[in-house]
Amino acid sequence: MPEARAQGLPRPLAGRRVVDLSQFIAGPTAAQYLADFGAEVTKVESPQGDGVRTLPGNGFGSYYARSFNTGKTSRVLNLREAADRAALDAMLEEADAFVCNLAPASLSGLGLDGPTLRERFPRLVIVLISGYGQQDARICMDTIAQCESGFALLNGDEDGSPRLSTSWPIDMFCGMYAGMSCAMAMLDPARQGCLVDLSMMEVAASMLIGPAMLAVSEGDALDPPMGNRDRASAPSSIYRCADGHVYILGGLDAYWRRLRPLVGADDAPIKERIARAAHFDAQVEAWTLPRRRDEVLAQMRALQIPAGNVRPPEEALAMIRALRPGAVSQALPSGEHVPAFPALFDGQRLPRSATPHVGGGLRFA
C-alpha cells in the first residue's frame, strides 16, 4: 500500500510479511485484518483459487471472496508439486507470520502441522484455526460449529427447534481472535515466534454462548430456547406494528417502569416477567399492533427506552451509509465495491484495496 494512502493512520505491522494459506472465511478474515494495519499479506492459492471464489457473485467475482481478502496479493502454488512446496518453505523462511485454517489432517499431510513448523521456522508466528483444536482431525465449518457448540439450540425458536445464524458468526469471531493474537505475537519484543492454536469450539463458547457458558459451568440450568426474546429481561422482543416490526428492549426494570403505564400492562418483578414472557409480550404487542413504526419509535425515544426499526437489508444499508462518510463500502472507478473498515481513526478510515485476482497483486482500482 503506498505510504501516502496511510498518512495519519495506524500501521504497526508495516514491513511484516504474512503468508495466508487459508480458505473461505475464518483464516482469510484474520489475514485481512493484518493487511488493514500494514502487513504485507500474500494469499497462497491453488491454481483453481480459494474455494470461496466459486461462491455466488457478479462480474467482479464472488461476493464472499471479495469480502474477506482485501489488501492482499495472491500467489499460485500447487503444494502437491515438490517445487511449489519448496517455494512455500522459502516464503515461510522470510515471513513473520503464517495464517492457516486447513484441517489438521491436511496440514499433517503437507508437513505443515504446528510442531513441524515450530521446529523448522522458530521465529515464525504460526496461527492455525481448526474446529476442535489441532489435536483433533475432524473437519468443521461455521454452521457445524454453531450446532456442536450449543449455539443453534440456545438461539432456537420458541418451539424448541434449533436456529442457525446466517452471518457465519463463529468464522468472523475466529478471524478477529486469530488476527489479534497474530498481531500481538508479532509485536511482542520479548517473543521470537510461537504457535497459536485456535479452536472454533472455544471461540463459540466464549463469544456466542457467553453467560450461558458460565451458568452451565457453575451448575445452573438454562431456560429453553426463547426465539427473539431476551434471556435476561422481559418484555424484550420484536413486535408487530401496522406497517412492519420494531424491536423494544423494555424488560429491564428502569425501562419497564416507563413502558408499563404506556402500554397498560400488568406489573410484576423481572423474574416473573421472564417466566411469563409470552403474557407480557402480548400486552406490549396489543399496544404496538395498531400503530405505525415511526409512532412507536418516537414514543420509545421520548421515554428513553431502547428500540429499533426492523429494516430490510437494502433500507438498512442506505441508513448506515448516511451515518458517516465512507460507511459500508467504497466504490472503485470500475464500479466494484470494497468493504469498508468500520472504525474511524481521527475521522479517517483505513484504506482497503480490492481482493486480488488469482495470482495477482494489490488492486487499488
Side-chain angles (χ1 to χ4, degrees), residues 25 131-132 140-173 200-253 255-256 259-260 263-293 296-297 300 305-313 315-316:
I25 299 175
Y132 305 86
C140 190
M141 302 292 281
D142 179 282
T143 45
I144 296 171
Q146 288 189 48
C147 294
E148 288 267 10
S149 68
F151 172 74
L153 273 173
L154 192 70
N155 189 49
D157 291 319
E158 292 177 55
D159 64 5
S161 59
R163 182 171 58 178
L164 293 171
S165 169
T166 60
S167 58
W168 313 287
I170 300 178
D171 274 344
M172 297 300 294
F173 284 133
M200 296 173 73
M201 293 300 155
E202 292 192 40
V203 170
S206 174
M207 302 299 292
L208 296 181
I209 308 303
M213 171 267 296
L214 289 179
V216 171
S217 298
E218 294 168 358
D220 293 327
L222 297 182
D223 293 326
M226 302 183 72
N228 291 318
R229 294 189 175 116
D230 183 32
R231 287 180 170 269
S233 68
S236 297
S237 190
I238 291 175
Y239 302 104
R240 292 176 294 168
C241 297
D243 62 343
H245 297 79
V246 297
Y247 178 83
I248 300 174
L249 198 161
L252 296 180
D253 286 340
Y255 303 140
W256 181 238
L259 181 61
R260 188 185 66 80
V263 302
D266 304 335
D267 196 9
I270 190 167
K271 287 186 177 180
E272 181 181 342
R273 297 199 305 272
I274 293 173
R276 301 173 59 208
H279 170 77
F280 289 96
D281 279 337
Q283 292 187 319
V284 174
E285 192 166 83
W287 179 82
T288 63
L289 191 54
R291 292 169 171 80
R292 294 177 56 84
R293 287 175 293 170
V296 172
L297 293 172
M300 296 303 105
I305 297 171
N309 197 347
V310 179
R311 303 174 187 270
E315 178 186 315

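When a residue number appears, it is its place in the shown sequence, counting from 1.
Applying the side-chain hydrogen bond (donor to acceptor under 3.5 Å, both in side chains) rule to N309 yields the partners R293; only residues at least two apart in sequence or on another chain are considered. R291 is linked by a salt bridge (Lys or Arg N to Asp or Glu O under 4.0 Å) to E295, counting only residues two or more places apart in sequence or in another chain. In this view, T143 satisfies the side-chain hydrogen bond (donor to acceptor under 3.5 Å, both in side chains) rule with no residue, not counting sequence neighbours. For R229, the salt bridge (Lys or Arg N to Asp or Glu O under 4.0 Å) partners are E158, D281, not counting sequence neighbours. With sequence neighbours excluded, no residue forms a salt bridge (Lys or Arg N to Asp or Glu O under 4.0 Å) with D171. Qualifying ring pair (Phe, Tyr, Trp, His ring centres under 6.0 Å) partners for Y239, counting only residues two or more places apart in sequence or in other chains: none. D267 is linked by a salt bridge (Lys or Arg N to Asp or Glu O under 4.0 Å) to R260, counting only residues two or more places apart in sequence or in another chain. Partners of W287 under the ring pair (Phe, Tyr, Trp, His ring centres under 6.0 Å) rule, at least two apart in sequence or in another chain, do not exist in this structure. Residues satisfying the side-chain hydrogen bond (donor to acceptor under 3.5 Å, both in side chains) test with T288, not counting sequence neighbours, are none.
Between S165 atom OG and F151 atom CZ the span is 5.5 Å, to the nearest 0.5 Å. Put simply, CG on L289 and SG on C241 are 8.0 Å apart, with the number rounded to the nearest 0.5 Å. Atom CD1 of I170 sits about 10.5 Å away from atom CD1 of I144, to the nearest 0.5 Å. In this structure, D223 CG and R231 CZ are separated by 6.0 Å, a value rounded to the nearest 0.5 Å.
When all heavy atoms of G251 and S233 are compared, the closest pair comes out as C-CB, 3.6 Å. Pairing each heavy atom of M200 with each of A145, the nearest pair is CE-CB, 4.1 Å. Nearest heavy-atom pair across A152 and L164 is CB-CD2, 4.1 Å. Between G250 and L259 the shortest heavy-atom distance is CA-CD2, 3.9 Å.
A heavy-atom distance below 4.5 Å is found between the side chains of S236 and Y247. Residues P235 and R273 meet the side-chain proximity criterion, which asks for heavy atoms closer than 4.5 Å.
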Tell me which donor-acceptor pairs under 3.5 Å the side chains of residues 214-222 have, and how far apart each pair is, sequence neighbours excluded?
residue, atom, partner, partner atom, Å
S217, OG, M213, O, 2.7

Evaluate the criterion side-chain contact (heavy atoms from CB on, under 4.5 Å) for residue pair D266 and H279; output intermediate values, then yes/no. CA-CA 9 Å; D266 304 335; H279 170 77; 2.8 Å; yes
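Heavy-atom neighbours of Q283 CD from other residues, nucleotides or ligands within 6.0 Å: above the threshold of 12.
Within the structure, side chain to side chain donor-acceptor pair (under 3.5 Å) pairs that include any residue of residues 144-155 comprise Y132-E148, D142-Q146 (at least two apart or interchain). Each salt bridge (charged side-chain N to carboxylate O under 4.0 Å, His left out) pair with one or both residues in residues 232-242, not counting sequence neighbours, appears once here: R240-E285.
Under a 3.5 Å cut-off, the side chain of D157 and the backbone N or O of D159 do not form any donor-acceptor pair.
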